[in-house]
Structures are given as structure tokens and as C-alpha cells.
Enquirer: 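Below is a structure I'd like to ask you about.
All ligand and atom numbering here is 1-based and tracks the order in the structure.
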Amino acid sequence: MKNNFESKFIQNLIYSNYGLEVKAEQIEGELDDNFKLKHDGKSYFFKIYPTNTDLELVTFQSNLLRHLKAFDKTPKNILTNKKKPFASFIDNKNAVRYFRMNEWIDGRLWSSVNPIDSELREKLGYESARLVEKLKEKKHIYYRNNFSWDLANFLWVENHYKKVHLKKGHCLRIKSLTDNFKNKKKEYKKLRKSLIHNDLNDNNIILSKCLKKPEIIGIIDFGDCVKSQLINELAITCTYGILNSLNPLASACDIIRGFNSKIPLFESEIDFLYDLILMRISISIIKSALNKKINPTNSYLQVSKDDMLVLFEKWNSINKSLAIHFFRNACNFSPNHNAKEFKKLISQNKSSIEILFKKKDIKKLKNLDLSVSSKWLSNDLINDVQSFEIKINKYPDITFFGGYLETRAVYNSSDYERLTDAGFENRTTHLGIDFWVKDKTPVHSIENGYIKIITNDRTSKGYGGLIIIEHSIAKIIYYSLYGHLSDQKKSILKVGSFVKKGEKIGEIGSISENGGWSPHLHFQLMLTLLDYQNDFPGVCMEYEKDIWSSICPDPVHILNIKKTYTSKFDKTKLKNSRKKYLPNNLKLSYNEPIYIVRGFNQFLYSSNGKKYLDTVNNIAHVGHQNLKVTQAANEQIGILNTNTRYLHDEIITLHKNLTSKFPKKLSKLYLVNSGSEANELAMRMSALFRNSENYIVMQGGYHGNTNKTIEISNYKYNSKGGSGKAKNIFEIPMPDEFRGKHRGKGAGKKYFEEFEKLILKAKKSNKKISAMIFEPIISCGGQIEMPENFIKMCKKVLDKHNILTIADEVQTGFGRVGEKYWGFELYNIIPDIVTMGKPMGNGHPIGAVVCTDEISKKFDNGLEFFSSFGGNPVSCRVANEVIYEIERKKLQRNALKTGLFLKDGLKNLSIKYPILGNVRGKGLFIGVELVDRGLNPETEKAHYLVNRMKELGVLMSNDGLDKNVIKIKPPLIFSIEDSKKLLMLLEKVLKENFMKSI
Ligand code: PMP
């Protein structure tokens with residue numbers, strides 16, 4: 001039993017034994033009375049052992065600490081005044097109480113660290129093994145009999161688990177664990193033994209205070225140290241190291257990999273690991289329940305109970321055989337123990353493709369690349385089965401095949417997606433070979449065997465008709481899988497039916513029967529079925545392909561066909577080439593850049609198949625590689641692409657389409673190639689119109705990368721390397737009501753006064769101003785909305801002084817702001833000139849200027865206006881299609897609806913996480929500003945957040961004058977579902993230590 005020692009008592013005890021005047025604070029412990037002591041800026045750990053503690057145990061533990069002195073991660077023992085490692089006193093119940101003092105390791109407990117990544121888990125495994133290596137050397141040890149935390153004594157639970165109110169399912173599982181342990185006891189006893197720490201739980205591992213990349217700096221509490229099977233140490237380390245992980249199997253493998261790199265495991269040990277982890281979880285749960293009965297008030301005894309119950313379920317749901325494959329892989333063994341032998345045997349006993357199909361059904365075999373970057377597979381073929389088929393059928397003399405270990409973007413139904421510690425991830429990597437043959441083509445068994453599974457998989461993008469046949473070669477059992485067959489209800493074959501090599505087993509299914517695919521056979525081999533019934537995976541996570549390919553060998557060997565190939569990517573080489581050939585100020589996003597090889601709707605795919613939800617690329621306004629837009633571009637580029645010097649319909653259509661979106665007054669259209677060029681042109685026009693090259697600009701504004709547009713872009717000329725404000729530029733402060741020069745209510749009025757002052761100043765100094773250029777919501781400057789009435793009031797003054805107003809809609813145009821089609825419409829004004837770019841071509845380079853007839857006339861001063869590419873038929877066709885897509889898909893309305901939902905969600909998050917100081921914007925043009933309590937910018941955290949979100953599969957960007965604003969401006973097809981995922985993952989990151997640090 002623990003005592004409640006008064007701190008005065010502890011202080012006196014310390015003073016008399018260690019000569020230190022300390023402050024004592026009791027800390028948690030299971031049985032011992034533990035204290036944190038402070039003296040002279042230094043901290044110590046002080047332990048009073050429970051009554052009746054064996055002197056031998058205390059001696060052993062003190063010796064142990066001395067033994068581990070050279071191990072840099074354990075606390076050093078402090079000797080008493082009498083140079084003893086421990087001492088004792090008699091307590092008020094006349095019992096001897098031993099005590100000991102250690103150095104305090106100043107850091108953070110593993111249990112409080114968030115996030116824990118795979119690198120850290122690997123280090124944990126390594127440190128755990130390193131400690132065992134040191135412990136192994138210890139000669140004199142303390143033997144504990146029947147120690148309940150020793151996994152070797154697991155069977156004690158048999159008498160207890162039924163008494164502690166566990167779920168029936170848990171009881172059954174614990175029973176099967178004990179049964180299994182009894183059956184395997186002999187093998188278990190033979191495993192190597194060592195002194196082990198035996199309790200590397202999440203409160204006994206100390207990490208450095210670095211919040212981004214913490215290191216393991218301490219391992220404490222040797223109270224449960226015992227000599228036992230060495231593998232137990234790893235099982236225990238895994239148990240606590242995977243607590244709260246969404247993919248505990250992968251997390252356990254990280255720890256195992258680290259451990260194995262220091263102490264290579266034996267296969268016999270690996271076989272026990274899965275059960276041992278579940279055994280430790282069970283002990284923890286049962287112990288918590290028992291302790292609650294005995295000591296209901298000690299919360300420390302219940303610390304991990306709930307998490308352990310969750311882990312029990314999660315771990316139990318992992319197939320044990322699959323787990324062992326994963327563990328073996330982590331320890332550099334072939335994941336499947338039969339994989340090598342099978343490959344050898346099968347190469348001597350081949351079947352053939354002519355057995356699988358009748359000779360007449362197979363034409364010349366040609367590999368088909370359907371990988372994520374496949375040039376053959378344009379996006380219209382991903383979901384449109386008919387088009388896919390038409391393309392395949394264009395080659396009647398070829399049988400396309402391929403796909404083994406190919407990473408593909410086609411598996412986009414929810415069945416392929418799961419939430420892991422790395423966000424939402426898709427299974428992408430194909431485990432069989434596809435043969436693109438017509439429906440009704442007969443399919444035959446490749447070898448003699450017994451029907452193991454015959455079924456219809458009804459999931460979307462599943463197998464449809466499915467047969468699995470069991471075969472054997474030498475002593476190895478293996479399976480052949482035939483997917484996407486016709487409806488198997490009609491089959492005469494039954495589970496257990498014997499089929500001969502070459503016997504017809506079924507036919508290729510049509511789209512309606514085969515899971516919704518263009519007709520083909522998915523042929524796969526497996527060396528185990530694990531526990532799968534009708535749903536053995538045909539596709540795995542890319543990063544698990546080493547394991548799955550060992551379970552599912554390459555069918556080319558048995559079919560005696562040429563190896564399939566798939567695109568290979570070398571990111572490192574590409575990174576180096578980029579460094580070598582491209583200029584340094586051409587920047588890449590993210591700490592670790594991504595290698596994107598495909599865009600599809602609101603997603604981008606990297607070379608390893610990872611799918612990123614894109615909240616950054618507003619250029620892909622109607623979705624990446626939008627089918628209609630790409631079709632239009634393809635079509636037009638195959639017909640004609642010239643310039644505006646010839647008559648062409650498309651430019652007139654674009655004129656009509658665009659000007660119909662503007663007030664009548666804005667009737668003339670000029671077409672160029674970029675936003676910068678559009679703004680250049682707008683400047684040229686206004687300069688000519690007003691005979692002046694003086695401009696009013698806003699702080700934080702960005703209008704382009706050309707000489708002139710940089711001159712009007714405060715965001716550029718005022719930043720590092722910029723040449724400062726030119727003489728012809730009149731600057732008004734960024735009208736930021738949150739953190740600008742004037743803040744809060746009434747700020748708009750003050751900004752307007754600044755504007756008026758500027759106009760007067762120009763007037764006084766006889767400076768004629770030609771135009772004011774503004775972004776309706778300042779984008780690069782940090783998604784700054786204009787204060788109420790500010791623009792309207794400015795416009796009145798501008799008109800009065802004959803100064804033109806140029807609205808730069810490069811970011812805000814085309815329905816993005818939701819309420820209106822153009823940003824300027826939010827402020828009830830009509831500008832004199834409007835410039836456009838980015839979204840207008842959905843990635844195709846096109847920009848435009850619209851202006852009044854009057855300005856256009858003045859611009860026509862005899863000098864021809866010509867842009868080689870501006871207004872070419874392809875660009876016009878593309879821009880027209882973008883406008884139609886916005887209409888067809890009602891994207892402006894979606895921007896409004898989804899934008900409101902997302903903004904609401906962000907506002908709710910900002911209540912919980914005050915670092916989100918301000919959420920602003922309109923439609924799908926949102927900014928979230930990260931600040932501390934004093935409204936100082938949290939630039940580093942914005943950077944961290946953006947990079948973490950990228951790791952979780954969401955692309956975001958940070959910008960603003962202090963780079964502390966998260967800009968959200970996704971393709972307008974961004975959905976409520978996408979927003980929910982975004983909010984969920986944002987919250988995950990907001991909970992992380994670095995984001996919460998002050
Ligand atoms: N204006 C604004 C508001 C912009 O954001 C940009 C580009 N970021 C431009 C003009 C320049 O467009 P481009 O890069 O197409 O030249």
C-alpha cells in the first residue's frame with residue numbers, strides 16, 4: 001500500500017540522508033511512493049519502496065542502475081551521505097521502508113508526445129534493443145517467482161479474466177490466447193532469455209523537449225525488470241509504442257525494424273510476437289480491472305485502460321498470419337516463408353497462358369501501362385469504362401496484359417481507402433496480372449486443384465464473379481485467383497469440386513457482372529489465403545508491396561510469359577537534375593518536395609500513387625485535367641491553332657460568353673497569355689487614357705512578374721530582393737481589419753481616410769494618377785477582404801478625380817467567391833478595367849482584359865495591338881469550355897455552399913484552437929491567419945502545419961506578408977465531403993505538440 005507522506009517529512013528525510021534542502025512533489029506510481037524533488041534548479045527522482053519490499057530487490061535495482069551507468073539513457077543513482085545507493089527508515093506502522101534517489105531526466109514522456117512518426121518508433125525499437133544488450137551482461141539478478149507482469153507467466157490470467165467484467169468477445173479471445181500459449185509452451189521455453197526492462201511503457205520513455213523532431217533521451221523505472229524471453233521486451237515495447245496509432249501493424253513494424261537492427265531476431269521469436277503483444281494488452285486490461293477493485297482511487301493504475309481496450313480490438317482485428325508476414329519483412333526475412341521455394345518449384349513446373357485461355361482467344365501479347373503516370377490512360381478512361389473498352393478494341397490483334405505491382409490511380413471507390421496515421425490512404429498497387437480479353441471468353445484452371453472459393457463480390461470496383469482454386473506443388477499449397485468473371489450463381493462448380501489443369505472454370509464477365517470494369521481477367525497467385533473469404537485483396541498499399549508480393553508471387557513464372565513492366569520513377573535523380581539545371585529562385589513547395597505525375601478533379605497523384613487532396617491550385621478551377629476542357633483542347637489543337645489575324649468563331653463565342661458575365665459597360669475584350677500580361681495591358685491602356693504612369697496600389701497586392709507589374713506589386717517590390725517602391729507608385733495600407741495598421745470596428749473608415757489623404761497629397765504635388773489597381777480579396781497578401789463600403793467609397797473618389805479603377809480578378813474571378821461571379825461585385829462597383837488569368841484556362845495559359853468602349857477607343861491610337869498567342873482558337877476554346885463547366889456543374893453555387901460549410905468548420909476550430917486567430921474570405925477563397933495571443937504572426941507554425949498536412953495527403957499553402965496565413969483556394973469542385981476530411985486532418989495537426997506550444 002502507498003502512504004501519504006507529508007512533504008515536510010520527505011524534506012527532512014532528504015536533508016538528513018542527502019544533505020539537500022528540497023521541495024517535494026508526489027508523482028504517480030503503481031505501488032511505490034514517488035516524488036519529484038527540486039533543489040537549486042536541479043530536479044531529482046525519489047522513491048520509497050512499499051512495505052515488505054525484499055532487501056534483495058532494492059539491492060538488485062540499485063546495482064542495476066550502477067551497471068547501466070554507461071548506458072546513456074538511464075538515470076544516475078545519487079548516493080546518500082554515507083555513500084550508499086539506498087537507505088531506509090521505519091515508518092509510522094513500524095515497517096522498514098527503503099528509499100533511493102536518482103537524477104531526474106528532464107524531458108517529455110512518450111505518452112504526451114504528438115505526433116509520433118515511424119522514425120521515432122524505429123528509434124524506440126533500437127533503444128529498447130540497445131538496453132537489452134546492456135541488461136544481458138548483468139550477471140547477478142533478482143529472481144521473481146510468478147511475477148504477473150512477466151509474459152512467461154501469462155497463464156495466471158486464466159483464473160482472473162472471467163472475474164473482471166470483460167466483454168464476451170474479449171474473454172473468448174483471451175481463452176484462445178491461453179490455449180495457444182499452452183500448446184506452444186515448449187517452443188516458447190526454448191527461446192533465448194535475457195534480463196529485460198519488462199515495462200517500456202509510454203510513461204517510462206523520456207523524449208527531448210524538441211517538439212518537431214524529439215529524440216529518446218531517457219528510459220526509467222526498472223521496477224519490473226526480470227529475466228525472461230528476450231522477445232517479450234520487444235512485445236512490450238510494441239504494445240505501448242503503438243498505442244493510439246491508427247495503423248498499429250505498421251507502427252509495430254517500425255519498432256520491430258529498429259529492434260532488429262540492433263538485435264537480429266530469430267524466426268521462432270517472430271512467430272510469437274503477435275500473440276505476445278495481445279497477451280501484454282490483456283494483462284494490462286485485466287490488471288487495471290483488478291486494481292480498480294482493490295484500489296479504486298488510484299487513477300495511475302487506470303492510465304492506459306481505455307486506450308488498451310481500443311488497442312485490444314484493433315490488434316485482434318489484424319490477421320495474425322498477415323502480421324507475421326509484416327514482422328518477417330521488418331526483420332529482413334522473406335515475408336512469406338515459402339516464397340523462395342515456390343518460385344524455384346514453379347519455374348521447373350510451369351503452366352502456360354495457353355492453359356489459362358484457349359489459344360484462339362489470345363492474340364499477340366502486349367504490355368499495357370496503367371500506372372499512375374500512364375500516358376495511355378487519360379483521365380476520361382479512368383471512370384468511363386466504355387471509352388476504355390473502345391480504346392482497347394481499337395487493337396483487335398493485340399491482347400493487352402500487365403499490371404503486376406503496378407501502382408494505379410483507378411482504385412478510387414471508398415473500399416480502397418482507409419484512414420491511417422498518414423491521413424486518408426488508398427490501396428493502389430496491383431497484385432495480379434490483368435488480361436484484357438472480351439467478355440464471355442472462357443477461362444481455365446492453370447493446374448489441377450480444388451475450388452476453394454466461388455462467389456460474386458458485389459462491392460463497387462470489386463471482383464464481381466470470383467473463383468479461387470487451391471493447388472499444391474511439392475509440399476507447398478498455393479492458390480490461383482480468377483477475378484471479374486461472369487455471375488457465379490450460374491456455375492456448376494462448387495467449393496471442393498476438383499478441377500483439372502486446363503478445365504474450363506468460367507467466363508470473363510460483362511461490366512454488369514464483373515464489378516463495373518471493362519471486361520478483363522484479374523489473375524493472381526497466393527501462397528496463403530490468410531483469413532480472407534470472398535475479398536482477398538487484389539490491390540495493396542504501395543508501401544506494403546514488399547510484403548504482399550511475397551504472399552502473391554508474380555504470375556509470369558507460372559504462365560510462362562514475359563515480365564510485365566511499369567513506369568519507374570527516380571525522385572532523387574529528378575531533384576538533383578532540378579538543382580543542376582533550373583535556377584535557384586524557382587522554388588519548390590514543401591520541405592520534402594512532391595513528384596506529381598497525375599491530376600484528377602480535386603486530387604493530385606504523386607509518383608508513388610499517393611493521392612493528395614488539393615486546396616491550393618485555384619488554376620485548376622473546374623478540376624485537374626477536367627475531361628471537357630481537355631477534350632476541347634485536344635480537339636481544337638488537332639484542327640487549328642493560329643492567331644487573331646484570321647476570322648474565327650471561337651474568339652467571338654468567348655467574347656460573348658465573357659462579356660455576358662460583366663455589366664454592359666464593360667464590353668471590349670483583349671486576350672493575352674497570363675495574368676501578368678493582362679495587367680501590363682491594363683496599365684498601358686490606363687496610361688494612355690489618362691496620360692499618366694502614376695498608380696495607386698495596395699500594400700500586399702500582387703499583380704504579376706513582369707517589369708511593370710512588379711512595380712505595382714507591393715508584395716514583390718517590398719520583399720527580400722525587391723527594389724522598393726518606385727516614384728510613380730502611391731501606396732495605401734493593406735485594409736486588414738484583423739492585424740493591419742487599423743484594426744477592428746471603424747478600421748474601414750480609417751483606411752478610407754488614408755486613401756483620401758493620398759489622393760490629396762498627389763493632387764497637391766500635381767501628380768496626375770492614371771489608375772488604382774486592386775484585388776477584390778488580396779490574395780498573396782493573406783486573403784484580405786476589403787472592409788465594408790471601403791471600395792465603394794474609394795470608387796466615388798476615384799471617379800471624381802478621373803482615376804480609373806482596375807479590378808484584378810486573376811484570383812477571385814469566375815465564381816470563386818460564391819456570392820458573385822466576380823470579386824468586384826461583392827462591393828457594388830463597376831470597375832473601368834477588369835483583368836483575368838489563372839482559372840480562365842484551367843491550366844492552359846490564357847489571360848484577358850475587359851474594359852469600357854471609351855477606354856478601348858482611346859487605346860486604338862494607331863499602334864496595332866497584337867499578341868501572338870493571345871486569342872488563338874485553342875485557348876479560346878478552352879476558356880469557353882471552362883465557362884460552360886462552371887455553368888453545367890453549378891460551380892459558383894458549390895463555391896458558396898461548400899465555402900460556407902468550410903468556413904463555419906474553420907471558425908469552430910478557431911474557437912477550440914485560438915492559434916487560428918482569424919478565418920476570412922468568401923466562397924472557396926478562404927484565409928486562416930495563425931497568430932499567438934498577442935496577435936504576433938505564427939509563421940513557423942503555419943509552415944509546420946502546411947508541411948504536416950502534406951504528409952497527411954492534403955496540399956495547402958501559407959502566404960501573407962508574414963507567411964502566417966493558410967490560403968485555401970481549391971478547385972471549385974471541392975465538396976462538403978472533402979471539407980470534412982480537411983477539417984478532420986487540420987484538427988489532428990492542431991492537436992500536435994508543436995502547434996500547441998507557446
Ligand atoms: N494578379 C494576381 C492577383 C495574381 O495572383 C497573379 C498570379 N499569382 C497575377 C496577377 C499574375 O498572373 P500570372 O502568373 O498568370 O502572370
Enquirer: Any side-chain hydrogen bond (donor to acceptor under 3.5 Å, both in side chains) involving residues 790-799? Give me the pairs, sequence neighbours left out, ordered by first then second residue.
Expert: Lys795-Asp799
Enquirer: Under a 4.0 Å heavy-atom cut-off, what residues line ligand 1?
Expert: Ser674, Gly675, Ser676, Asn679, Tyr702, His703, Gly704, Asn705, Glu775, Asp808, Val810, Gln811, Lys838
Enquirer: Going by distance alone, is a donor N or O of one side chain under 3.5 Å from an acceptor N or O of the other, for Asn894 and Thr898?
Expert: yes
Enquirer: Working to the nearest 0.5 Å, report the span between CZ of Phe774 and OH of Tyr827.
Expert: 7.5 Å
Enquirer: Do Phe603 and Tyr612 make the cut of ring centroids closer than 6.0 angstrom?
Expert: no
Enquirer: Would you check, one step at a time, whether the test side chain to side chain donor-acceptor pair (under 3.5 Å) holds for Gln783 with Ser779?
Expert: CA-CA 4 Å; Gln783 307 290 84; Ser779 181; 3.3 Å; yes
Enquirer: Examine Phe600 together with His624 and report whether their ring centres are nearer than 6.0 Å.
Expert: no
